[in-house]
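Quantities reported herein were computed from a predicted structural model and do not represent experimental measurements.
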Amino acid sequence: KITISSTIAGLLAGQGNLKNFITDKSDLFFSDIIPNGQNRNEYLPVYSLEAIATNFGDEVSSEEIIGWWKNNTGEKISADMFVAQVKGHSMEPYIKDGHYCVFHKDRGGSREGKVVIVALRNVSDPETMARYTIKRYHSEKNTKEGMPLQRKIVLAPDNLEFKKIVLKNAQESDYQVVGIFVSVIK
């Protein structure tokens with residue numbers, strides 16, 4: 001179940017989109033926002049991808065929460081996990097446009113081959129034109145005497161109809177992995 005605030009629901013209803021929105025996402029249930037202080041063992045905050053990416057890895061404020069998802073899967077959740085709705089077709093067939101997915105914040109370590117949310121400083125996703133993307137992460141490093149000289153980050157779509165985003169000579173300030181994909185909410 002996903003819950004959204006009555007404000008957002010009102011805005012959608014005012015545009016005549018609430019019925020279509022619920023119909024299109026019939027596996028989800030929308031209602032008023034769950035009050036703060038709910039059991040974090042049961043609920044995850046729902047954020048827009050813009051809120052996650054534009055904070056560039058910093059803590060997202062509680063004002064950015066657009067709703068709460070009640071975890072009824074039986075899977076263990078942690079305080080660094082969140083839900084966001086995916087936009088675009090580049091990660092199909094598994095992650096479809098409009099799917100709500102569970103992510104956890106980047107904890108460091110190897111990201112090789114993982115599906116990640118990346119905030120981009122100097123480029124945008126060619127599909128969505130946004131300064132963030134959800135893609136599969138690959139890093140190539142050249143070293144000399146143990147020191148990295150050149151770094152290439154490849155952010156690859158699963159759907160081969162879309163282009164890779166290649167960050168050549170990428171510096172830490174050019175991008176930031178802000179979330180790691182956990183699962184699609186079914």
Between Phe82 and Phe103, what is the ring plane arrangement, given parallel below 30°, perpendicular above 60°, and tilted in between? parallel
Reported CG-to-CG distance for the pair Asn122 and Asp174, which is rounded to 0.5 angstrom: 5.0 Å
Give, for atom CG of Leu155 and atom OG1 of Thr133, the distance between the pair rounded to the nearest 0.5 Å. 6.5 Å
Measuring from Leu44:CG to Ser78:OG, what's the distance to the nearest 0.5 Å? 8.0 Å
Check Glu112, Lys164, Arg111 against His138 for a side chain to side chain contact (heavy atoms under 4.5 Å, CB included) and give me the one that passes. Glu112
What distance separates Ile180 CD1 from Lys105 NZ, expressed to the nearest 0.5 Å? 13.0 Å
Answer yes if Val184 and Tyr47 sit in the same cluster of Ile, Leu, Val, Met, Phe, Trp and Tyr residues linked by side chain heavy atoms under 4.5 Å apart, and no otherwise. yes
Check whether any side-chain heavy atom of Lys87 lies under 4.5 Å from a side-chain heavy atom of Tyr132, and answer yes or no. yes
Does this structure show an ion pair linking Asp158 with Lys135, if we count only N-O contacts that are shorter than 4.0 Å? no
Are Pro45 and Trp68 side-chain neighbours, meaning at least one heavy-atom pair lies under 4.5 Å? yes
Main-chain N/O of Ile153 paired with Glu140 side-chain donor or acceptor, under 3.5 Å: no
Do His99 and Ile185 make a side-chain contact, defined as non-hydrogen atoms from C-beta onward lying under 4.5 Å apart? no
Could you state whether Val154 and Ile117 fall into the same hydrophobic cluster, counting links through intermediate Ile, Leu, Val, Met, Phe, Trp or Tyr residues with side-chain heavy atoms under 4.5 angstrom apart? no
Would you say the side-chain atoms of Arg136 pair up with the backbone N or O of Gly113, donor to acceptor, closer than 3.5 Å? yes
In this structure, would Ile95 and Phe162 fall into the same cluster of hydrophobic residues linked by side-chain contacts under 4.5 Å? no
For Val123, the side chain to side chain contact (heavy atoms under 4.5 Å, CB included) test, sequence neighbours excluded, returns Leu120, Ile165, Leu167
Closest heavy-atom pair, Ser48 versus Ile66, reported as atoms and distance to 0.1 Å, is N-CD1, 4.1 Å
So how far is it from Ser110 OG to Tyr137 OH, rounded to the nearest 0.5 Å? 8.5 Å
Pairwise distance NZ(Lys168) to NZ(Lys152) - rounded to 0.5 angstrom: 6.5 Å
Taking all non-hydrogen atoms of both residues into account, name the closest pair between Pro157 and Ser90 and its distance. CB-O, 3.2 Å
Near Glu161 CD, under 6.0 Å, is it more than 12 heavy atoms from other residues, nucleotides or ligands? no
Please answer whether the main-chain N or O of Gly88 pairs with a side-chain N or O of Asp97 as donor and acceptor at a distance below 3.5 Å. yes
Could you walk me through whether Arg107 and Asp80 pass the salt bridge (Lys or Arg N to Asp or Glu O under 4.0 Å) check? CA-CA 9 Å; Arg107 300 172 184 153; Asp80 70 342; 2.7 Å; yes
Is there side-chain contact between Tyr175 and Arg121, with at least one heavy-atom pair below 4.5 Å? no
Pair Asn159, Met91 - check side chain to side chain contact (heavy atoms under 4.5 Å, CB included), show working. CA-CA 5 Å; Asn159 183 341; Met91 295 307 289; over 6 Å; no
Pairwise side-chain contact, Phe181 with Val116, heavy-atom cut-off 4.5 Å (strictly under): no
Could you tell me if the side chain of Asp106 sits less than 4.5 Å from the side chain of Val178, heavy atoms only? no
Using the rule that two of Ile, Leu, Val, Met, Phe, Trp, Tyr join whenever any of their side-chain heavy atoms come within less than 4.5 Å, decide whether Val182 and Val46 are in one cluster. yes
